[in-house]
Amino acid sequence: MSSKTRIRLRMQQDLKRGDYAPGTIEVYLACVQLFVDHCGGCSPLRLGRDELRAFVDHLLTRKLSPQRVIQYLAALKFLYAHTLGRPVEVSWIKYPRVKRRVPAVLLGSEVERLLAAIELPLFRALATVLYGAGLRVGEALVLEVKDVLSDRGLLHVRAGKGGHERFAMLPPRLLSSLREYRRVVRPKPPLLFPSPRTGGPSDRQALRRALHHAATAANIQKRVTPHVLRHSFATHLLEMGTDMRIIQQLLGHTSIRSTAIYAQVTTGLVKRTKSPLDVLGTPAAEILG
């Protein structure tokens, strides 16, 4: 077994011990492989700070998104700091700043048209879960039949971000949609949304394509992705007056800062908020002192 293969296997084991998600492990290993290929196939044992700097410069010339660059840098930092035990080699690496963008949001009427335009029951049910419970697409794809706690009105999310479990809401209309989906499709347990081709989790790219086609059919001009449905769920809850900390729990955010971004797009909430200027000179001004 070559040293490159040994290092790859050791890094894979280290990532698993660190409880990294399977998708993250796959991405990190692919990033390290591209680094090795860029350096002529040399073992990382023979590569140091000079080669790392040259590779980072190469990444910057490719005009990748900051998020993608961060993936590469995080993979290299893990490789050298943890697997190889050479943290000094990557101590100079700094992550690029990521500009936080206001998420795209659908109107309620657009969500209704979108769901009605999705042809396949599998993808319609998946999209309904994303909007009805605010799940991430990865969380929804691995839901099991036993995770639908109909008697308690909850969804048990076992594969949350960072490996955290939580309970999401299961509103009556969503429960009704899932029951209709199971009656028509009869998915084979344990998965709630198994792929009809492989029996494993459904393909997220196929879901994205289904949403794109449905958006076109429903004459929705916005770019619709699975995550847009989650954004719309959170924003609509805010506009309905739901406390932000409740939304934080429903979304599975560890920090309220992650949830606060939705306040930037809730124009209805802004319009309903009264300025203290309008309160001056009225009985309500007593609270202002």
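Residue numbers count from 1 along this sequence.
- Between L52 and L47 the shortest side-chain heavy-atom distance does not fall below 4.5 Å.
- Here the side chain of S176 pairs no donor or acceptor atom with the backbone of R173 at under 3.5 angstrom.
- Note: the hydrophobic cluster containing F167 does not contain L170 (ILVMFWY, side chain heavy atoms under 4.5 Å, direct or indirect links).
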Checklist entry - side-chain contact (heavy atoms from CB on, under 4.5 Å) between T235 and L106: does it pass, once the steps are laid out? => result CA-CA 9 Å; T235 304; L106 298 176; over 6 Å; no

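- V129 has its side chain out of reach of L192: every pair of non-hydrogen atoms, C-beta onward, lies at least 4.5 Å apart.
- Atom NE2 of H58 has more than 12 heavy atoms from other residues, nucleotides or ligands within 6.0 Å.
- Side-chain contact between R68 and V27 is present, with heavy atoms from C-beta onward closer than 4.5 Å.
- Contact detail for V137 and P226: the closest heavy-atom pair is CB-CB, 3.9 Å.
- At a threshold of 4.5 Å between non-hydrogen side-chain atoms, the residues P44 and Y80 count as touching.
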Donor-acceptor contacts, no H, no angles, side chain residues 112-121, under 3.5 Å, sequence neighbours left out:
from : atom 1 : to   : atom 2 : distance (Å)
R113 : NE     : A218 : O      : 3.2
R113 : NH2    : A218 : O      : 3.1

Item to check | Chi angles and distances behind the side-chain contact (heavy atoms from CB on, under 4.5 Å) call for F233, L251 | outcome: CA-CA 9 Å; F233 164 83; L251 293 175; 3.9 Å; yes

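- A distance below 6.0 Å separates the ring centres of Y181 and F193.
- With T128 contributing its side chain and R124 its backbone, the two residues share a donor-acceptor pair below 3.5 Å.
- A distance of 6.5 Å separates CD of Q67 from CD1 of I70, quoted to the nearest 0.5 Å.
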Checklist entry - When you look at L141 and L126, which way does the side-chain contact (heavy atoms from CB on, under 4.5 Å) test go after all the steps? => result CA-CA 8 Å; L141 290 174; L126 265 169; 3.9 Å; yes

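- Between F78 and T24, the closest side-chain pair of non-hydrogen atoms is not below 4.5 Å.
- A search for side chain to side chain contact (heavy atoms under 4.5 Å, CB included) contacts involving A206 returns F123, D203, R209, not counting sequence neighbours.
- Once rounded to the nearest 0.5 Å, the distance linking CG of L211 with NE2 of H227 reads 13.5 Å.
- The closest side-chain heavy-atom distance from L130 to L207 is below 4.5 Å.
- Atoms CD1 and CG, from I246 and L237 in turn, are 9.5 Å apart once rounded to the nearest 0.5 Å.
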Checklist entry - How far apart are the C-alpha atoms of M11 and R8, what are their side-chain angles, what is the distance that settles it, and do they pass the side-chain contact (heavy atoms from CB on, under 4.5 Å) test? => result CA-CA 5 Å; M11 181 177 176; R8 178 184 175 87; 5.9 Å; no

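- Listed by chain and number, the residues in a side-chain hydrogen bond (donor to acceptor under 3.5 Å, both in side chains) with Q221 are N219 (sequence neighbours excluded).
- Around the CZ atom of R182, the shell of radius 6.0 Å holds no more than 12 heavy atoms that belong to other residues, nucleotides or ligands.
- Taking both residues in full, the closest heavy atoms of L122 and S202 are given as CD2-OG, 3.5 Å, listed atom of the first, atom of the second, then distance.
- Among residues two or more places apart in sequence or in another chain, the side chain to side chain contact (heavy atoms under 4.5 Å, CB included) test is passed with K16 by Q12, I25.
- Residue L191 comes nearest to G200 through the heavy atom pair CD1-C, 3.4 Å, listed as atom of the first residue, atom of the second, then distance.
- Within the 4.5 Å cutoff, the side chain of V90 has no heavy atoms near those of the L79 side chain.
- For R53, the CZ atom sits in a packed shell: over 12 heavy atoms of surrounding residues, nucleotides or ligands are nearer than 6.0 Å.
- No chain of hydrophobic side-chain contacts below 4.5 Å, direct or via other Ile, Leu, Val, Met, Phe, Trp or Tyr residues, connects V88 to L84.
- Summarising the geometry of A133 relative to A168, their closest heavy-atom pair is O-CB, 4.1 Å, with the distance given to 0.1 Å.
- Distance check: L250 CG to R166 CZ gives 8.0 Å after rounding to the nearest 0.5 Å.
- Partners of R17 according to the side-chain hydrogen bond (donor to acceptor under 3.5 Å, both in side chains) rule, which considers only residues two or more places apart in sequence or in another chain, are D14.
- For Y28, the side-chain hydrogen bond (donor to acceptor under 3.5 Å, both in side chains) test picks out no residue, with sequence neighbours left out.
- In this structure E180 satisfies the side chain to side chain contact (heavy atoms under 4.5 Å, CB included) test together with R183, V184, sequence neighbours excluded.
- Side-chain contact annotation: Q13 with R10, donor-acceptor N/O pair under 3.5 Å absent.
- Contact record, P96 with L73: CD-CD1, 3.9 Å, taken as the closest heavy-atom pair.
- Residues satisfying the side chain to side chain contact (heavy atoms under 4.5 Å, CB included) test with P87, not counting sequence neighbours, are A81.
- Across all non-hydrogen atoms, the minimal contact from K77 to I93 is NZ-O, 3.7 Å.
- For residues 35-48, every residue pair satisfying the side chain to side chain donor-acceptor pair (under 3.5 Å) rule, not counting sequence neighbours, is listed here: S3-S43, Q33-D37.
- L135 is not listed as a side-chain neighbour of R230, based on a closest heavy-atom distance of 4.5 Å or more.
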Which side-chain N or O atoms in residues 146-155 pair as donor and acceptor under 3.5 Å with protein atoms at least two apart or in another chain?
from : atom 1 : to   : atom 2 : distance (Å)
D147 : OD1    : R158 : NE     : 2.4
D147 : OD1    : R158 : NH2    : 3.0
D147 : OD2    : E144 : N      : 2.8

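- By the rule that hydrophobic residues join a cluster once side-chain heavy atoms approach within less than 4.5 Å of another member, V224 and L107 end up as members of separate clusters.
- Applying the ring pair (Phe, Tyr, Trp, His ring centres under 6.0 Å) test to Y131 and every residue at least two apart in sequence or in another chain returns H236.
- The stretch residues 83-98 participates, sequence neighbours left out, in these salt bridge (charged side-chain N to carboxylate O under 4.0 Å, His left out) pairs: R86-E89.
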